[in-house]
Amino acid sequence: MQPQFVDDGYLVAGMTDSFDRDLENAGYHDKGDIWLFKVDLSGNLLWSKCYGGYSYEGIKSVYQADDGNFLVFGITESNDGDVIVNNTYSEWGPSIWIF
């Protein structure tokens with residue numbers, strides 16, 4: 001995904017399968033999380049957060065709402081961690097995940 005310009009920097013969204021360096025305290029779960037991070041206009045890291053559960057998650061798109069929050073569209077194969085209420089969990093394929 002392309003970085004998204006926000007008022008005071010850029011929001012970057014992607015998928016990660018790592019838990020060190022910039023992700024050391026970002027809440028990485030396992031097997032691949034959605035990773036969001038924000039940098040200021042100079043490229044300095046402002047915050048970094050991983051979202052997901054024990055299985056694979058993937059990002060499709062992210063938008064900034066009028067109130068400054070972000071709306072994330074992705075997929076998940078988890079039903080734990082940040083995805084504890086995945087009522088469509090199936091061992092045969094991913095579910096749509098919006099948060």
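Note that these values count all heavy atoms, side chains included, but never hydrogens, waters or copies made by symmetry. In what follows, residues are counted from 1 in the order of the sequence shown.
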**Message:** Does Leu41 form a side-chain contact (heavy atoms from CB on, under 4.5 Å) with Tyr10? I'd like the steps, not just the answer.
**Reply:** CA-CA 7 Å; Leu41 295 173; Tyr10 294 92; 4.1 Å; yes

**Request:** Output yes when a side-chain donor or acceptor of Thr76 lies under 3.5 Å from a complementary backbone atom of Ser78, and no otherwise.
**Result:**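 Present.
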
**Asked** Below 4.5 Å, heavy atoms only, C-beta onward: do Lys60 and Ile96 meet side chain to side chain?
**Response**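 Counting from C-beta outward, Lys60 and Ile96 never come under 4.5 Å.
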
**Prompt:** Are any non-hydrogen side-chain atoms of Asn79 and Tyr54 less than 4.5 angstrom apart?
**Reply:**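 The answer is yes, as the side chains (C-beta and beyond) meet within the 4.5 Å cut-off.
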
**Spacing of Ile34 atom CD1 and Asp82 atom CG [to the nearest 0.5 Å]** =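 Ile34 atom CD1 to Asp82 atom CG measures 9.5 Å (nearest 0.5 Å).
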
**Message:** How long is the straight-line distance from CZ of Phe99 back to CG of Leu36, given to the nearest 0.5 Å?
**Reply:**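 Between atom CG of Leu36 and atom CZ of Phe99 there are 5.5 Å.
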
**Request:** For Tyr63, enumerate each residue passing the side chain to side chain contact (heavy atoms under 4.5 Å, CB included) test, keeping only those at least two apart in sequence or located in another chain.
**Result:**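 Result, side chain to side chain contact (heavy atoms under 4.5 Å, CB included) vs Tyr63: Ser61, Phe73.
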
**Request:** Quick one: do Leu11 and Gln64 satisfy side-chain contact (heavy atoms from CB on, under 4.5 Å)? Show the steps, please.
**Result:** CA-CA 9 Å; Leu11 176 71; Gln64 186 172 23; over 6 Å; no

**Request:** Determine the minimum heavy-atom distance between Glu57 and Met15, stating which atoms define it.
**Result:**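 Shortest heavy-atom contact: O-CG, 3.4 Å.
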
**Request:** Mind listing the closest non-hydrogen atom pair of Ile59 and Ala13 along with its distance?
**Result:**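 Shortest heavy-atom contact: CG1-CB, 4.1 Å.
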
**Message:** side-chain contact (heavy atoms from CB on, under 4.5 Å) for Trp97 and Val72? Distances and angles first, verdict last.
**Reply:** CA-CA 8 Å; Trp97 188 27; Val72 179; over 6 Å; no

**Request:** Output all residues satisfying side chain to side chain donor-acceptor pair (under 3.5 Å) with Asp67, sequence neighbours left out; order by chain, then residue number.
**Result:**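 Asp67 satisfies side chain to side chain donor-acceptor pair (under 3.5 Å) with Asn69 once adjacent residues are dropped.
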
